Amino acid sequence: MHRHLVAPFVLLILCFAAWGAAANLTDVLVGVFRSIFDMSNFQSSLVQFAYYGAYFALAIPAAMINKRFGYKAGVLVGLGLAAIGGVLFWPASELLVYEAFLLALFVLAGGLSILETSANPFVIAMGEERSATQRLNLAQAFNPVGANIGVLLGALLILPALTPEPAKTIMSPEELRASQEQDLSLVLGPYLGIAAVLVAIWLLIAFRRMDLPSVPGAEAVPSGSTVGRLWANRHYRYGVLAQFFNVAAQTCTWTFTILYAQDVVGVSAEGAGWYLQASLILFLVSRFVMTWLLGLFRPTLLLLIMALFGVACCAVAIFSLNIVGLLAVVAISASLSLMFPTIYGVALHGLGEDAKYGAAGLVMAILGGALLPMVHAAVMDRVGAAAGFVVPGVCLALVAAYALFDLRTTRDSGAPEPAGTP
Amino acid sequence: MTILHRSPRRLPRRLVALAGAALLGLTLTACGDDAEEVTVGLITKQEENAFWVTMREVAEDTAEEENVELLTATGTSDTDVQSQVAALESMTGAGAVGILIAPTDSTELVPAIERAREAGVIVIAVDTPVEPESAVDALFATDNFRAGELIGRYASAEAAERGFEPRVALLDLAPGIRSGELRREGFLQGFGIAPGGPPPASVDTEGDRDLARAGMERLLAADPGINVVYTVNEPAAFGAIEALEAAGRDLDDVIVVSVDGGCEAIKNGVRPGTIDATAQQYPQNMAREGVEAVARAARGGEAPAEYLDTGVQLITGDPAPGVESRDVAYGVRNCWGD
């Protein structure tokens, strides 16, 4: 790597950590907003809709920014927008309006979406091609570090200090409003902190001269025939669906771990945060274990086994309304740990040049994280807190079905399917 | 036997929080608590009941946040007066500026309370009142009439919705215990049973599961068609349910309501639906508000209010039309015990 790019590279590593922190701090926020605004689970799940919806909506604009203005511009736009989103938490907390927070989250996540889309190729372009993968892996290693910090921030700074619900039962309207202001100020702190870090990185990157290769034009827009070939490939088409349900299962599980601990088992808000932390650590450790196991087993066989394990964990969570159920919820993270990269690899296998466009479809499957948590929350509201885990259970069953499909089907390498094939 | 001890100091949450914030480069100003340390006592009835354990734990947390040294003591049962007298004297001697006490006897403790107050100690009765009420500076407790009224209104609305011709049974506490009387009166008013009319069938249970089961069996022998059961607390509710099941009654055909909101009843009674609704009370509020009120008064602030209603919420998994209630998840989050 060029010496003058070492500092920007370090700053970009911080970006990877920042979006990991922001994403998993959002998982904590669902329960926090439910408590502060005394709302239903469905209403509070709109936090994830705003967050992942923005990620989905801004993915294509991000690619267009990169193509037209370059990676540096993409990173700066992403950093700037995300910082604005963080700062928007301030007027939102003054207004005491939930929708204002959703807007702030949407802007923040939109910025992070652009940042993520730009930062990956930016890191690759920052040095020699032979060490590009190494740089990218190093940078991406800081994403789960940030994710854990995000939950840690929520568990340490927000959850323990929230006004207890019993205390609210005897408050006057004025006292209630004051308690809302105080609780929202707890939310404000970490987001202003994230915004401050993003602004600092923005300044350091904006005013630093970087000579980078331009964005390859060939990566612009896929032709209609490419899309047709991709769509005709069942391994790819079902892979996108499997990724959609994998992201949905992951977002549902992490979003509702804290609520399960509180609503089903009766764990304190302070203690509940640690179960989410344990889930993320288990996810991280399992990733390494799965990487080793993938060397021993066929990936889709391992995917099938772990998806069925996840389904079993969801069933335990639904029917065992105690600490065993909560541990099962935590254990779901072990099953999730191999899914994204495995589905990614299986779906793109053998696509050749089409793979670079196919990857975009798999990334856009993040929409599952925006939509399914709302379904999970609606089930919680209507049937009960534990019953909501039927949603990630079904999602994981569909991932298992994809693995089974891959195991029992020979690849057609994108060849057109006979008419009538589902 | 009285157990008197000082609550251990824990690592301040602010320090832990500060360390976390530093991880992302956040700078938080250290919010040092400048208030002078004061000593406050808490005397509960016993440690076997989760209600009192929760009260102590919340008092300890509040003391930590309020820069208060907390002395705690407890007896061996709900009727252990001597332990509470000894604890009042030792806490007064230890320099407590205020004492929160859950009296095991409404009248026998009054002389000891008066001696403490003469020594300048603020005394707040928590959960249970004393007689006369003026013997303490304040009472922080559940509005038991309101608790009874809530479950009475629920039972009435639910009976109407299910098309029941109500045949009510009351499983009371014991004669002369005011909290039980207030719950019963509240239930009757909430249900719409006029004070002057014929009273429903009732038995005294002392809040005991076995006595409640035996009492319910007698009531069912006299009237097998009972379909609304008021119970003064949750152990009594479980006793009543055992009797109903033993009599072969389908619990879907009986409305059972209760008062307390302990975790065992919320998880094993209200959640599966064998207890249709309960009025949840909050020892957390008694402890938190009590410690804060004493600390505030000792530091020159306003004296504690004479009476503080520490709140009650109706918890049910099957809401009745027109009756405000909270769901089971809320009950689980805020129940006391395991």
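Just so we're on the same page: letters track the sequence lines, and every chain starts at 1. It should be emphasised that the depicted structure is a prediction, and the values quoted were computed from it without experimental measurement.
The neighbour count for N322(A) CG, taken as heavy atoms of other residues, nucleotides or ligands under 6.0 Å away, is above 12. Annotation for W90(A): atom CH2 does not count as buried by contact number, only 12 or fewer foreign heavy atoms lying within 6.0 Å. The environment of CZ in R382(A) is sparse: at most 12 heavy-atom neighbours from other residues, nucleotides or ligands sit within 6.0 Å. Counting non-hydrogen atoms of other residues, nucleotides and ligands closer than 6.0 Å to OH of Y307(B) gives a total above 12. The 12-atom threshold is not exceeded at CD of E306(B), counting heavy atoms of other residues, nucleotides or ligands nearer than 6.0 Å.
Residues meeting the salt bridge (charged side-chain N to carboxylate O under 4.0 Å, His left out) test with R177(A), sequence neighbours left out: E181(A).
Inspection of non-hydrogen atoms places R326(B), A329(B), Y330(B), V332(B), R333(B), N334(B) of residues 314-335 of chain B under 4.5 Å from chain A. Among residues 278-287 of chain B, the residues having any heavy atom closer than 4.5 Å to a heavy atom of chain A are, in sequence order, Y282(B), Q284(B), N285(B).
No other option in L259(A), T169(A), N41(A), D381(A) has as many heavy-atom pairs under 4.5 Å with chain B as T169(A). In terms of non-hydrogen atom pairs under 4.5 Å with chain B, the most contact-rich of A167(A), A200(A), A261(A), G266(A) is A167(A).
At least one side-chain heavy atom of R271(B) sits under 4.5 Å from a side-chain heavy atom of L321(A).
We find the CD1-OG1 distance between I170(A) and T310(B) to be 6.5 Å, quoted to the nearest 0.5 Å.
No part of V267(A) comes within reach of chain B, as not one of its non-hydrogen atoms sits under 4.5 angstrom from that chain. In this structure, no portion of N148(A) lies under 4.5 Å from any heavy atom of chain B.
The ring pair (Phe, Tyr, Trp, His ring centres under 6.0 Å) pairs that include a residue from residues 175-199 of chain A are F89(A)-Y191(A), where partners are two or more places apart or lie in different chains.
Looking only at distances, a side-chain donor or acceptor of K267(B) sits under 3.5 Å from a matching main-chain atom of V265(A).
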